[in-house]
K.L.:
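This is the structure, below, for whatever I ask next.
Naming: A, B, ... by sequence-line order, numbering from 1 per chain. Any value given below was found using the heavy atoms of this structure, including those in side chains, with hydrogens, waters and symmetry copies removed.
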Amino acid sequence: MDASRGKLKEVRLTTPVTPDQLKTLEIGNVVYLDGVIYTARESVYKKIITDGAAPPEDFATLGNVNFPCSPAATVEADGRLNVGAVTATASFRFSKWMKDWFRISGAKMIIGKGGMSEADYRSLFVPVGAIYLTTVGYGTGALLGRGIKKVRAAHWLDELGIAQAMWVLEVERFGPLLVESDLAGNSLFEANNREVNAGLAKLYEGLKPPSLSRYGETDDRGQELI
Amino acid sequence: MIPRTLVESTAHDLMTRASIDIPADYLSGIKAMASEEEGDLSSFVLRAMLENYEAASEDRRPMCADTGVPRYYVKSGNEAQLDGGFIALEQALRSATAQATHDVPLRPNRVHPLWRTDHNNNVGINAPEIEYSFEPDADWVDITTVHKGGLFGTDYRMLFPGDGIDGIKRFFLDGMIAFGKRGLACQPAIVGIGLGGSKDTTMVLGKQAACLRTVGDRNPDPKIAALELELQDLGNSIGMGAMGFVGKSMVVDCHIEVGYTHTGGMPMSLHAFCLSSRRATARIHADGRVERRTDPRWFTPYMRRETVEWTPAEASSKKSA
């Protein structure tokens with residue numbers, strides 16, 4: 001099991017992450033986190049960015065690692081918060097919030113699923129010195145759940161619901177995560193896509209085209225749906 | 001007479017086990033792929049997933065926080081007697097879903113499509129889905145649950161008879177490549193293909209093929225069985241592995257189910273289950289015994305019957321499900 005793992009560099013970081021730490025990370029590195037991270041996705045982005053609500057606690061204590069996800073969690077009758085597993089949700093829908101979110105929150109690390117585009121990294125992430133880490137799998141929900149040592153708070157739980165609330169999590173060896181974008185805005189996914197795309201045309205060789213095309217159909221399989 | 005309380009406790013147990021324990025057939029499929037994978041990143045992902053299944057079982061926590069949109073497949077023996085009938089069974093399944101959502105916990109994924117109302121219990125209008133099938137000469141009820149996500153990895157296309165096997169291969173490649181990039185299909189996965197029927201039937205058959213057949217199971221029609229293996233190989237030759245990284249782990253197994261269709265058409269659906277292909281089945285016997293398993297045995301010879309009359313004798317001449 002460890003033979004192939006040894007081929008990828010493993011890094012352990014403490015939050016809040018510093019520019020010096022981020023500088024050393026390369027796409028494809030494996031990262032584990034210690035410290036505090038918080039969840040925030042569309043409802044929290046909308047509430048703080050569009051509606052202008054004050055963050056429920058200062059970003060100085062929330063840290064600078066934003067994990068847009070929904071935990072499989074329960075609020076017990078006595079108010080205790082129980083998180084079983086956590087898995088990210090696809091991130092491409094969130095790029096439209098990132099410019100304002102970075103400005104308001106000071107986040108330097110986004111953890112998600114599937115990444116965003118290299119263009120997004122270069123226009124949104126690089127100017128503020130932020131990077132993107134992707135969860136693995138997807139998803140290693142049980143391993144990530146194991147890394148949560150304490151649920152410190154679940155803000156706006158009644159208003160936004162379990163899935164969309166802002167969960168503040170104290171974590172230890174939270175991972176594995178993969179560095180998807182570096183400080184220069186390179187994308188691990190897009191680097192792999194380029195390599196995969198080179199072999200696609202020959203898969204279709206000799207297969208006759210369908211008798212009925214579909215609206216908007218393209219023959220360029222190098223394109224992505226996102 | 002099968003009591004309602006037994007249906008409810010069994011369904012609660014199914015919800016729990018499906019979310020936590022990876023089925024053995026799927027686990028061996030992934031282990032085999034992990035030992036063959038040569039791409040460093042894809043290989044890393046597969047090994048992390050194997051660790052994740054272990055962590056889930058050890059900690060009794062869901063293997064993936066996206067516990068999908070809970071649903072049930074009920075196969076009722078023709079002679080089965082349910083206390084309170086099927087209305088009581090449906091009440092029991094809805095109640096078990098709500099309770100398990102709290103107890104496991106499952107993610108309360110189910111919301112109203114327009115108002116996004118979330119009851120925080122995975123129950124709502126038309127949710128959870130309950131699909132039925134029947135079995136002759138039996139007095140048991142089989143209940144299966146699968147926890148499958150719902151956003152990516154599924155597609156439908158109306159193909160035509162002239163498109164032939166080429167058309168099937170093209171659409172299969174299109175779907176696997178489009179959803180495989182960045183791993184949105186959560187591959188490698190069991191891939192189900194529905195062929196024929198009406199459009200809705202095509203979708204239902206493809207989903208059932210992905211969710212209700214085990215790794216290594218083959219369609220009883222030898223030519224369809226050969227096509228299943230051919231498509232599996234085709235998917236694994238795309239050059240893509242787990243998370244869309246360079247590799248060859250896309251399709252753990254491919255299952256095809258067919259239905260007689262319109263003479264002018266050949267509708268096709270494609271469904272990728274996911275890297276956490278989760279299912280659990282229980283058989284409730286008339287005397288109250290409950291037997292657990294992970295093979296749903298959904299596609300019985302009776303389900304695949306082709307002629308007007310059907311007698312159990314035909315079952316012995318065909319491969320048993």
K.L.:
Please state whether the side chain, the backbone, both or neither of A:Thr135 comes within less than 4.5 Å of a heavy atom of chain B.
P.N.:
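Looking at A:Thr135, just its backbone touches chain B.
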K.L.:
For A:Leu203 and B:Leu173, which heavy atoms make the closest approach, and how far apart are they?
P.N.:
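So the two residues come closest at O-CD1, 3.8 Å.
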K.L.:
Using non-hydrogen atoms only, which part of A:Glu180 is less than 4.5 Å away from chain B: side chain, backbone, both, or neither?
P.N.:
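Side chain of A:Glu180 only, per the 4.5 Å heavy-atom cut-off to chain B.
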K.L.:
Any side-chain to backbone donor/acceptor pair from B:Arg61 onto A:Ala85? Under 3.5 Å, distance only.
P.N.:
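Pair absent, no side-chain N/O of B:Arg61 close to backbone of A:Ala85.
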K.L.:
With a 4.5 angstrom heavy-atom cut-off, is it the side chain or the backbone of B:Met63 that approaches chain A, or both, or neither?
P.N.:
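Interface part for B:Met63: backbone (N, CA, C, O).
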K.L.:
What part of A:Ala90 is in contact with chain B, defined as an atom under 4.5 angstrom from a non-hydrogen atom: side chain, backbone, both or neither?
P.N.:
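Side chain only.
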K.L.:
Hey, does A:Phe189 have a side-chain heavy atom less than 4.5 Å from the side chain of B:Met243?
P.N.:
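They are in contact (side-chain heavy atoms under 4.5 Å apart), so the answer is yes.
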K.L.:
Should we say atom NE2 of B:His262 is surrounded by more than 12 heavy atoms from elsewhere, each under 6.0 Å from it?
P.N.:
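Result for NE2/B:His262: open.
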K.L.:
So, B:Asp174 and A:Arg214, do they make that salt bridge, N to O below 4.0 Å?
P.N.:
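A salt bridge is absent here (no side-chain N lies under 4.0 Å from a carboxylate O).
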K.L.:
I need the minimum non-hydrogen distance between A:Asn192 and B:Phe245, along with the two atoms involved.
P.N.:
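Of all heavy-atom pairs spanning A:Asn192 and B:Phe245, the closest is OD1-CA, 3.4 Å.
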K.L.:
Would the distance check show the side chain of B:Asp163 and the main-chain N or O of A:Ser211 forming a donor-acceptor pair, the cut-off being under 3.5 Å?
P.N.:
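Answer holds: yes.
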K.L.:
Under a 4.5 Å heavy-atom cut-off, does chain A meet the side chain of B:Arg116, its backbone, both or neither?
P.N.:
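When you check distances to chain A, no heavy atom of B:Arg116 falls under 4.5 Å.
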K.L.:
Taking the side chain as every heavy atom from C-beta outward, state whether A:Met116 and B:Arg182 have any pair of such atoms under 4.5 Å apart.
P.N.:
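A side-chain contact is absent here, since even the closest heavy-atom pair is not under 4.5 Å.
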K.L.:
At a heavy-atom separation under 4.5 Å, does A:Leu200 approach chain B through its side chain, its backbone, both, or neither?
P.N.:
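Side chain only.
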K.L.:
Picking from A:Thr89, A:Thr140, A:Val83, A:Asn197, which has the most non-hydrogen pairs under 4.5 angstrom with chain B?
P.N.:
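Going by pairs under 4.5 Å, I would pick A:Thr140.
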K.L.:
Minimum heavy-atom separation for B:Phe44 to A:Val136, with atom names?
P.N.:
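Closest approach of B:Phe44 to A:Val136: CE2-CG2, 4.0 Å.
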K.L.:
State, yes or no, whether a side-chain contact exists between A:Ile162 and B:Asp118 at a heavy-atom distance under 4.5 Å.
P.N.:
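A:Ile162 does not reach B:Asp118 side chain to side chain.
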K.L.:
Indicate yes or no for a side-chain donor-acceptor contact from B:Arg170 to the backbone of A:Leu207 under 3.5 Å, with no hydrogens or angles considered.
P.N.:
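Looks like yes, one N/O pair under 3.5 Å.
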K.L.:
Evaluate whether atom NZ of A:Lys96 has more than 12 neighbouring non-hydrogen atoms of other residues, nucleotides or ligands under 6.0 angstrom away.
P.N.:
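No - once you tally the heavy atoms of other residues, nucleotides and ligands closer than 6.0 Å, there are 12 at most.
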K.L.:
Would the number of heavy atoms belonging to other residues, nucleotides or ligands and lying under 6.0 Å from NZ of A:Lys208 be above 12?
P.N.:
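Above 12, so yes.
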K.L.:
If every non-hydrogen atom of A:Gly222 is compared with every non-hydrogen atom of B:Lys181, which pair is closest and at what distance?
P.N.:
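Minimum heavy-atom contact is O-NZ, 3.3 Å.
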K.L.:
In terms of heavy-atom proximity below 4.5 Å to chain B, should A:Lys113 be classed as side chain, backbone, both, or neither?
P.N.:
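Side chain only.
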K.L.:
Checking heavy atoms, do the side chain of B:Gln187, its backbone, both or neither come under 4.5 Å from chain A?
P.N.:
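Only the backbone of B:Gln187 comes within 4.5 Å of chain A.
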K.L.:
Quick check on B:Ser57 against chain A: is it the side chain, the backbone, both or neither that has a heavy atom closer than 4.5 Å?
P.N.:
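For B:Ser57, there is no contact with chain A at all, as no heavy atom is under 4.5 Å.
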K.L.:
Between B:Phe152 and chain A, with a heavy-atom cut-off of 4.5 Å, which part of the residue counts as in contact: side chain, backbone, both or neither?
P.N.:
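For B:Phe152, the contact with chain A is made by the side chain alone.
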K.L.:
Give a yes or no answer on whether the side chain of B:Arg107 reaches the backbone of A:Ser70 with a donor-acceptor pair at less than 3.5 Å.
P.N.:
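Yes; judged by distance alone, with no hydrogens or angles, the pair exists.
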K.L.:
Just wondering, do B:Glu51 and A:Leu143 contact through their side chains at under 4.5 Å, heavy atoms?
P.N.:
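Touching, per the 4.5 Å side-chain cut-off.
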K.L.:
Determine the option with the most heavy-atom pairs under 4.5 angstrom with chain A, choosing from B:Ser35, B:Gly162, B:Ala55.
P.N.:
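Sorted descending by pairs with chain A, the first entry is B:Ala55.
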K.L.:
Against chain A, work out which of B:Met240, B:Met158, B:His102 has the most heavy-atom pairs shorter than 4.5 Å and name it.
P.N.:
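If we count pairs closer than 4.5 Å to chain A, B:His102 comes out on top.
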K.L.:
Report yes if the side chains of B:Ile177 and A:Tyr204 come closer than 4.5 Å at any heavy-atom pair, otherwise no.
P.N.:
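When only atoms from C-beta onward are counted, A:Tyr204 and B:Ile177 do touch, with a gap below 4.5 Å.
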K.L.:
Taking all heavy atoms of A:Gly141 and all of B:Asn52, pick out the closest pair and write down the distance.
P.N.:
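Reported closest heavy-atom pair: N-OD1, 3.5 Å.
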K.L.:
Could you tell me whether a side-chain N or O of B:Asp40 sits under 3.5 Å from a main-chain N or O of A:Lys7, the two making a donor and an acceptor?
P.N.:
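No, B:Asp40 side chain to A:Lys7 backbone: no donor-acceptor pair under 3.5 Å.
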K.L.:
Does a salt bridge link A:Arg146 with B:Glu58, judged by any charged N lying under 4.0 Å from a carboxylate O?
P.N.:
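A salt bridge is present here (some side-chain N lies under 4.0 Å from a carboxylate O).
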K.L.:
Surrounding CG of A:Asp158 (heavy atoms of other residues, nucleotides or ligands, distance under 6.0 Å), is the total greater than 12?
P.N.:
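12 or below, so no.
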K.L.:
Of the listed residues (B:Val104, B:Asp103, B:Asp66, B:Asn120), which shares the most heavy-atom pairs with chain A below a 4.5 Å separation?
P.N.:
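Among the listed options, the one with the most contacts to chain A is B:Asn120.
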K.L.:
Using a cut-off of under 4.5 Å on heavy-atom pairs, state which of A:Val75, A:Leu188, A:Asn82 scores highest against chain B.
P.N.:
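Ranked by heavy-atom pairs under 4.5 Å with chain B, first place is A:Leu188.
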K.L.:
Which one, B:Gly149, B:Cys186, B:Gly244, B:Ser276, leads in non-hydrogen pairs under 4.5 Å with chain A?
P.N.:
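Of B:Gly149, B:Cys186, B:Gly244, B:Ser276, B:Cys186 has the most heavy-atom pairs under 4.5 Å with chain A.
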